[in-house]
Amino acid sequence: MTQDQIIEQLLKWMQDFVEVPHPGLGNWSPCPYARQARVNNRIEFVESRANELVNAVEQNLHILDTKDVMIVWFDHHDVDPAALSESVR
C-alpha cells in the first residue's frame, strides 16, 4: 500500500467507526473530537518503522504545536505484537 492509500483508509475508518455514536458508549462516538480534527485538517500522519516507533513519536511531538492529532503508522508485518505491547506501555 502507498502512504496515500493508508491515510485514505485511516480517514475512512475514522468516519465509519471512530466518529459514529455507539450505544455501548451512551451514544457517544469512541472519540467525540475526531470529526472536528479531520474536518479542520488538524491531523498529521507520520510514517515510521516498527522498531523506531518511540523515537518517531518523540521526534515529532512538535507537530502537536500546530495539529491536534498525530497518527504514527508503520507496516504491521515488521512488528512482533509482544514487542509492540512493551514499547507502548
Side-chain angles (χ1 to χ4, degrees):
M1 288 183 112
T2 68
Q3 180 173 343
D4 288 341
Q5 290 170 320
I6 290 168
I7 291 171
E8 182 180 319
Q9 285 193 2
L10 283 167
L11 291 172
K12 182 176 179 352
W13 171 73
M14 288 176 66
Q15 289 177 287
D16 294 347
F17 176 75
V18 177
E19 300 173 16
V20 177
H22 189 279
L25 299 172
N27 286 324
W28 284 82
S29 63
C31 181
Y33 307 103
R35 182 179 186 284
Q36 182 177 355
R38 180 182 53 78
V39 169
N40 293 326
N41 194 30
R42 304 280 299 165
I43 302 171
E44 186 70 30
F45 296 89
V46 175
E47 181 178 7
S48 176
R49 296 186 55 77
N51 62 345
E52 298 172 0
L53 177 63
V54 173
N55 288 336
V57 171
E58 290 172 350
Q59 291 174 3
N60 288 286
L61 284 175
H62 64 87
I63 287 171
L64 297 175
D65 293 340
T66 58
K67 299 286 185 170
D68 295 329
V69 177
M70 175 177 58
I71 297 176
V72 180
W73 63 274
F74 54 87
D75 186 339
H76 69 282
H77 294 106
D78 293 340
V79 67
D80 170 62
L84 177 62
S85 178
E86 283 299 314
S87 69
V88 296
R89 284 192 180 177

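In what follows, residues are counted from 1 in the order of the sequence shown. Quick note: numbers below take in every heavy atom, side chains included, and nothing from hydrogens, waters or symmetry partners.
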Between V18 and A34 the two heavy atoms that sit nearest each other are CG1-CB, 3.6 Å
Do L61 and F45 land in one hydrophobic cluster if side-chain heavy atoms of ILVMFWY residues count as linked below 4.5 Å? no
Same cluster (ILVMFWY, side-chain, under 4.5 Å), W13 and I6: yes
Flag, side chain of S29 to backbone of C31, donor-acceptor distance under 3.5 Å: yes
Which pairs pass salt bridge (Lys or Arg N to Asp or Glu O under 4.0 Å) with one or both residues in residues 54-77, sequence neighbours excluded? R42-D68
Salt bridge (Lys or Arg N to Asp or Glu O under 4.0 Å) contacts in which one or both residues fall within residues 1-11, not counting sequence neighbours: none
Can you confirm whether V46 sits close enough to I63 that some side-chain heavy atom of one is under 4.5 Å from a side-chain heavy atom of the other? yes
Gap separating the CG atom of N55 from the CZ atom of R49, nearest 0.5 angstrom: 13.0 Å
Pair I71-L10, side-chain contact (heavy atoms from CB on, under 4.5 Å): steps then yes or no: CA-CA 9 Å; I71 297 176; L10 283 167; 4.1 Å; yes
Shared hydrophobic cluster for I7 and F17 (ILVMFWY, side-chain gaps under 4.5 Å): yes
Working to the nearest 0.5 Å, report the span between CG of N51 and CG of D80. 12.0 Å
Step by step, would you call E47 with F74 a side-chain contact (heavy atoms from CB on, under 4.5 Å)? CA-CA 6 Å; E47 181 178 7; F74 54 87; over 6 Å; no
Distance-minimising heavy-atom pair for P23 and N27: CA-OD1, 3.5 Å
Pairwise distance CD1(I43) to CG(L11) - rounded to 0.5 angstrom: 6.0 Å
Quick one, V57 and M70 - any side-chain contact, counting heavy atoms below 4.5 Å? yes
Point-to-point distance, once rounded to the nearest 0.5 Å, from CH2 of W73 to CE of M1: 9.5 Å
So which pairs with a foot in residues 31-40 pass salt bridge (Lys or Arg N to Asp or Glu O under 4.0 Å), sequence neighbours left out? E19-R38
Show the nearest heavy-atom pair for residues V20 and P30, with the distance to one decimal. O-CD, 3.4 Å
